[in-house]
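Working notes, beginning with the structure itself.
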Amino acid sequence: MSFTSSPKGARLARRLVVGRLEGWGYGADTAALLVGELAANAVAHGHVPGREFRVRIAVLVTNDGRSALASSDRQSDDRNDAGSTPLRHEVLRVGGSATLRIEVSDAGTEHPNLHKASEGEESGRGLFLIDALATAWGSHDRSPGIGKTVWAECVLRPVDAVASALGPQ
C-alpha cells in the first residue's frame, strides 16, 4: 500500500491497517500506535519530494506446529473488478499465536536511531514508543530500490480474546 508522504498519508495508512486487521478478526490498538509512529517517521524523516512511502503488513499465525501467512503484498492476478487488491487471509485461528510485522519503506537513507529527547523538545519520542510496544524492531536498506525499510513486530490477539480479557461490560 503506497501513500503520499504527508500527515494525511500517515493517518490514512494507520486507518487502513487498523481496518484490515479488524476485518481479519484481530484487535488493533498496539498495531495502530506502531503503524502511526512508523508512518509519521517516514513522513518527517524519509520525505523526498515526489516520492511516496509504502506500508506492508504480514500476519504469521502458528497453530499446532503449522504456520500460515496473510500479507498486504500486491499480486497482479489478485485484482478484483473494481481494480483494488484484496488481501488474502486464509488462516484458522484455533488456539494459535499471531505475530504482526509492519514494514514502512521510504526514500530516505538515514536509519532511525534511538536517542533520548531533551525535556524541551516537542518530538523525538516515537522510537521509544515503538521500542516499548514492539516485540522487535529494526531497519534495513531497501533492495531493490532507494531508501530504507523500518519494521516492527507485535503480538496480535483475536478480537474475541481481547473482549474476554476486558471482562463483562
Side-chain angles (χ1 to χ4, degrees), residues 1-62 67-91 98-115 123-157:
M1 299 177 284
S2 294
F3 302 91
T4 58
S5 189
S6 67
K8 184 177 180 179
R11 285 190 305 273
L12 181 59
R14 185 185 68 243
R15 285 182 181 163
L16 286 176
V17 168
V18 167
R20 295 235 168 123
L21 291 173
E22 288 175 347
W24 289 344
Y26 293 108
D29 292 343
T30 300
L33 292 169
L34 290 173
V35 75
E37 287 299 326
L38 291 172
N41 284 348
V43 170
H45 306 292
H47 177 76
V48 173
R51 297 278 187 170
E52 298 178 326
F53 69 92
R54 178 173 168 79
V55 177
R56 177 184 178 272
I57 59 172
V59 179
L60 177 65
V61 179
T62 306
S67 295
L69 178 69
S71 172
S72 65
D73 279 345
R74 290 182 169 222
Q75 300 290 334
S76 59
D77 57 351
D78 287 337
R79 292 194 181 277
N80 63 22
D81 293 336
S84 64
T85 306
L87 297 182
R88 293 181 312 279
H89 192 315
E90 303 165 359
V91 174
T99 299
L100 172 68
R101 183 176 176 102
I102 303 164
E103 297 179 349
V104 177
S105 301
D106 61 52
T109 56
E110 188 174 329
H111 290 268
N113 183 12
L114 189 63
H115 71 280
S123 63
R125 293 168 183 81
L127 280 180
F128 280 101
L129 182 61
I130 291 168
D131 191 57
L133 294 175
T135 56
W137 71 274
S139 66
H140 56 82
D141 291 333
R142 286 180 76 181
S143 179
I146 62 167
K148 67 181 175 304
T149 297
V150 183
W151 58 270
E153 295 178 350
C154 66
V155 174
L156 284 177
R157 307 257 188 266

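Scope of the values below: all heavy atoms of this structure, side chains included, with no hydrogens, waters or symmetry mates. We're numbering straight along the sequence, starting at 1.
- Counting heavy atoms from C-beta outward, Asp106 and Lys148 have side chains that approach closer than 4.5 Å.
- Under the side-chain contact (heavy atoms from CB on, under 4.5 Å) criterion, Thr109 pairs with no residue at all, not counting sequence neighbours.
- Separation of atoms CH2 (Trp24) and CD1 (Ile57) is listed at 4.0 Å; rounding is to 0.5 Å.
- Other residues, nucleotides and ligands contribute over 12 non-hydrogen atoms within 6.0 Å of the CZ atom of Arg142.
- Residues satisfying the side-chain hydrogen bond (donor to acceptor under 3.5 Å, both in side chains) test with His111, not counting sequence neighbours, are Ser139, Asp141.
- Scanning for side-chain hydrogen bond (donor to acceptor under 3.5 Å, both in side chains) contacts around Ser6 gives Thr4, with sequence neighbours left out.
- Checked by atom type and distance alone, the side chain of Thr99 never pairs as donor or acceptor with a backbone atom of Leu60 at under 3.5 Å.
- By the side-chain contact (heavy atoms from CB on, under 4.5 Å) test, Leu133 pairs with Thr30, Leu33, Leu34, Leu129, sequence neighbours left out.
- To the nearest 0.5 Å, atom NE2 of residue His140 and atom OG of residue Ser105 are 6.5 Å apart.
- Remark: Ala40 engages no residue in a side-chain contact (heavy atoms from CB on, under 4.5 Å) (not counting sequence neighbours).
- Within the 4.5 Å cutoff, side-chain heavy atoms of Leu21 are placed close to those of Val59.
- Of the inter-residue distances, the one linking Phe3 atom CZ with Leu16 atom CG reads 5.0 Å to the nearest 0.5 angstrom.
- In plain terms, the two heavy atoms of Gly27 and Leu156 that are nearest each other are O-CD2, 3.8 Å.
- The side-chain hydrogen bond (donor to acceptor under 3.5 Å, both in side chains) search around Trp151 returns none, not counting sequence neighbours.
- Residues forming a side-chain contact (heavy atoms from CB on, under 4.5 Å) with Arg11 (at least two apart in sequence, or on another chain): Pro7, Lys8, Arg14.
- Using a 4.5 Å heavy-atom threshold, the side chains of Leu127 and Trp137 count as touching.
- In this view, Glu103 and Arg56, Arg101 satisfy the salt bridge (Lys or Arg N to Asp or Glu O under 4.0 Å) rule, not counting sequence neighbours.
- The side chain to side chain donor-acceptor pair (under 3.5 Å) contacts involving residues 31-42 comprise nothing, where partners must be two or more places apart or lie in separate chains.
- Looking at heavy atoms from C-beta onward, Met1 lies in side-chain contact with Val17 at the 4.5 angstrom threshold.
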